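Below you'll find the structure, written out as structure tokens, and then a few comments.
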Amino acid sequence: MGYTGNLKERSVELTGFWVLSMLSLGATLFFLFGQKLRTPLDLAVNILKLVYDSLSVVIGYVTVKHMMKTQTIRFHVNHFVSDQPVDAGSPQPSPVRGSPVRRIGMSMGTL
């Protein structure tokens, strides 16, 4: 789910992956602090999983926030540039020279 959402820049899949990461973090916290009988191996594995899940939640939140901001900017740029819907993968003719221009494939470093 997160892999598809990341590659195709779909916010629904990435948000779903982030919610599932939060559920996994909750389960890890239960297994770390809620168990009565635990072995040292359980403790070590759950601490490592807690670190991994915490990083997953934080990085997932930052990624979803950045992608939503980027998608909003792309939507507004496409909305103000033309009234016609723009397909994300197809090059559009340039009104100046007639050469194809990729409106949606702009560099994200400049935003």
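Note that the structure is predicted; figures quoted are calculated from it, not measured.
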Subject >> Interatomic spacing from CD in Gln71 to NE2 in His66 - rounded to 0.5 Å >> reply: 10.0 Å
Original post:
Can you hop from Tyr52 to Ile59 via hydrophobic side chains spaced under 4.5 Å?
Top reply: no
Original post:
side chain to side chain donor-acceptor pair (under 3.5 Å): which pairs involve residues 17-26, sequence neighbours left out?
Top reply: Ser21-Ser56, Ser24-Lys49, Ser24-Asp53
Original post:
Apart from Val45 itself, what residues make up its hydrophobic cluster, given side-chain heavy atom links below 4.5 Å?
Top reply: Leu41
Original post:
Got a second to check how far Arg74's CZ is from Lys69's NZ, nearest 0.5 Å?
Top reply: 13.0 Å
Original post:
Mind checking whether Leu29 and Met22 sit in one hydrophobic cluster, side chains of I, L, V, M, F, W, Y counted as touching below 4.5 Å?
Top reply: yes
Original post:
What pairs with Leu32 under side chain to side chain contact (heavy atoms under 4.5 Å, CB included), at least two apart in sequence or on another chain?
Top reply: Leu43, Asn46, Ile47, Leu50
**OP:** Give me the other members of the hydrophobic cluster that Leu37 sits in, counting Ile, Leu, Val, Met, Phe, Trp and Tyr linked by side-chain heavy atoms under 4.5 Å, directly or via other members.
**Re:** none
Subject >> Hydrophobic cluster identity match, Val19 and Leu25, side-chain contacts under 4.5 Å >> reply: yes
Original post:
OH of Tyr61 to OG1 of Thr15: how many Å apart, nearest 0.5 Å?
Top reply: 11.0 Å
**OP:** Can you run down the salt bridge (charged side-chain N to carboxylate O under 4.0 Å, His left out) pairs that involve residues 21-44, sequence neighbours left out, and say none if there aren't any?
**Re:** none
Subject >> Hydrophobic cluster (4.5 angstrom, side-chain heavy atoms) - remaining members for Phe30 >> reply: Phe31
Subject >> OG1 on Thr70 to NZ on Lys65, rounded to 0.5 Å >> reply: 12.0 Å
